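I have placed the structure first, in the form of structure tokens, so that the comments after it can refer back to it.
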Amino acid sequence: MAVITGGSGAIGTALAHRLDEAGWSVVCIDLGADQGPDDPTFLACDITDDAAVRSTFAAVEQRYGRLDLLVNNAGISAIGRFTDHDVTTHAKVMAVNYLGAVSCTQAALPALTRSHGRVVVTSSVTGFAPVLGRPAYVAAKHAVTGLFTALRPELAASGVGVTLVHPTFVTGGMSEAAGRADGTERSTTGGEITPDDVARAIVDAVTRGTDQVFVGRSARAAWHLWRLAPRTYVRTMTRRLSQ
């Protein structure tokens, strides 16, 4: 069975549908949603509250008896320049994107170890390269990408796999930790992908046991350009996102 954090968001909803189609039992975790309190497929949980996280995962294991897949999908952004956001905003973005994934993975790890399961992290192009106009989000995604890259060989020793998923810009954007400064807009470059594109890529990666996935042509292009020609990447990214 699978647990998806951020399960009521666009990607989480699409992923729950795709996993259900593939025959998985799915539980979605999020702050709140329209489901009723007796709906076993949704559990309200603040992933920045470690005690609540541990209680929630204990309830999942008690109900289903096992856990095979954890998708750390919950995320929150902050759009603007570095000087637009105070430390509180940076801390909130880090708490959800990074520390929330730490908390959920630690709570799920004993069950995942028993099942030789897998952890999936919905990261981003911002997890491996700079992207203009969202420094707090870039920092948090770099942190979570670095952590799970380091954890992959450590967890492999106990039979737990790690998949990092790097989508490019997704239609609709995502929740933001703070209001935007006047005149600030969410900038994108290249063709946006849909939440279902991400969901299908995750299901395929889990099926194949893939360690790293790029969703969208510009995501893979960014990966190679940032490594081979970082100055060119920065010039290209700055020009396109400043238009």
Side-chain angles (χ1 to χ4, degrees), residues 6 9-12 14 72-98 101 120-149 163-202 204-205 210-243:
I11 293 175
N72 286 309
N73 173 70
I76 191 168
S77 187
I79 305 299
R81 301 174 66 87
F82 177 69
T83 52
D84 290 336
H85 298 127
D86 59 14
V87 170
T88 299
T89 299
H90 281 259
K92 185 174 182 179
V93 175
M94 189 67 74
V96 174
N97 291 284
Y98 176 74
V120 174
V121 178
T122 306
S123 184
S124 166
V125 170
T126 62
F128 60 78
V131 176
L132 194 69
R134 42 187 63 77
Y137 184 67
V138 171
K141 287 300 186 181
H142 266 67
V144 77
T145 298
L147 171 67
F148 283 90
T149 299
T163 298
L164 284 161
V165 181
H166 300 290
T168 186
F169 298 101
V170 179
T171 55
M174 61 195 305
S175 299
E176 296 175 28
R180 301 177 189 175
D182 290 343
T184 301
E185 297 183 0
R186 173 180 176 263
S187 56
T188 64
T189 180
E192 291 185 281
I193 59 174
T194 68
D196 190 57
D197 290 331
V198 182
R200 287 187 290 107
I202 291 174
D204 183 67
T210 307
D211 287 344
Q212 186 157 251
V213 180
F214 303 95
V215 192
R217 288 188 300 173
S218 60
R220 183 170 292 278
W223 171 265
H224 291 296
L225 186 59
W226 172 242
R227 274 151 180 72
L228 296 174
R231 291 184 179 179
T232 300
Y233 169 88
V234 170
R235 286 197 301 269
T236 302
M237 178 266 301
T238 302
R239 182 178 68 252
R240 289 182 177 178
L241 291 182
S242 298
Q243 291 176 346

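The structure presented is a predicted model; accordingly, all values stated were derived computationally and were not measured.
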Side-chain atoms of residues 222-230: list all donor-acceptor pairs with protein atoms under 3.5 Å, sequence neighbours left out, distances to 0.1 Å.
unit_1 : atom_1 : unit_2 : atom_2 : d
Trp226 : NE1    : Phe128 : O      : 3.0

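How far OG1 of Thr89 is from OH of Tyr137: 16.0 Å, rounded to the nearest 0.5 Å. A distance of 9.0 Å separates NZ of Lys141 from OG of Ser77, quoted to the nearest 0.5 Å. We find the OG1-CD1 distance between Thr122 and Ile202 to be 4.0 Å, quoted to the nearest 0.5 Å. Atoms CZ and CD, from Arg220 and Gln212 in turn, are 8.5 Å apart once rounded to the nearest 0.5 Å.
When all heavy atoms are compared, the tightest approach of Thr171 to Pro195 is OG1-CD, 3.5 Å. Residues Asn73 and Gly6 come closest through the heavy atom pair ND2-O, 3.3 Å. Residue Gly80 comes nearest to Pro135 through the heavy atom pair O-CD, 3.1 Å, listed as atom of the first residue, atom of the second, then distance. The two residues Val138 and Ala129 have their closest heavy-atom pair at CG1-O, 4.2 Å. Counting all heavy atoms, side chain and backbone alike, Ala78 lies closest to Val93 at CB-CG2, 4.0 Å. Across Pro130 and Val234, no two heavy atoms sit closer than the pair CG-CG2, 4.5 Å.
Considering only heavy atoms from C-beta on, Val215 comes within 4.5 Å of Val213 through its side chain. Using a 4.5 Å heavy-atom threshold, the side chains of Arg231 and Tyr233 count as separate. In this structure, the side chains of Ser123 and Val165 stay at 4.5 Å or more apart for every pair of heavy atoms.
Taking Arg217 as the reference, nothing meets the salt bridge (Lys or Arg N to Asp or Glu O under 4.0 Å) condition, with sequence neighbours excluded. By the side-chain contact (heavy atoms from CB on, under 4.5 Å) test, Asp204 pairs with Arg208, sequence neighbours left out. Residues forming a side-chain hydrogen bond (donor to acceptor under 3.5 Å, both in side chains) with Arg235 (at least two apart in sequence, or on another chain): Thr232. Legend: residues meeting ring-ring contact (aromatic ring centres under 6.0 Å, His included) with His90, ordered by chain and number and at least two apart, are Phe82. With sequence neighbours excluded, the residues forming a side-chain contact (heavy atoms from CB on, under 4.5 Å) with Ala101 are Asn72, Val144, Phe148, listed by chain and number.
Here the side chain of Asn97 pairs no donor or acceptor atom with the backbone of Met94 at under 3.5 angstrom.
For the pairing with Pro167, the side chain to side chain contact (heavy atoms under 4.5 Å, CB included) check across Thr126, Asp197, Val198 returns one residue only, Val198.
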Intermediate values then yes/no, side-chain contact (heavy atoms from CB on, under 4.5 Å), Leu164 and Thr145: CA-CA 7 Å; Leu164 284 161; Thr145 298; 4.2 Å; yes
side-chain contact (heavy atoms from CB on, under 4.5 Å) evaluation trace for Thr163 with Val121: CA-CA 6 Å; Thr163 298; Val121 178; over 6 Å; no
Val170 and Glu192: CA distance, side-chain angles, deciding distance, side-chain contact (heavy atoms from CB on, under 4.5 Å) verdict: CA-CA 5 Å; Val170 179; Glu192 291 185 281; over 6 Å; no
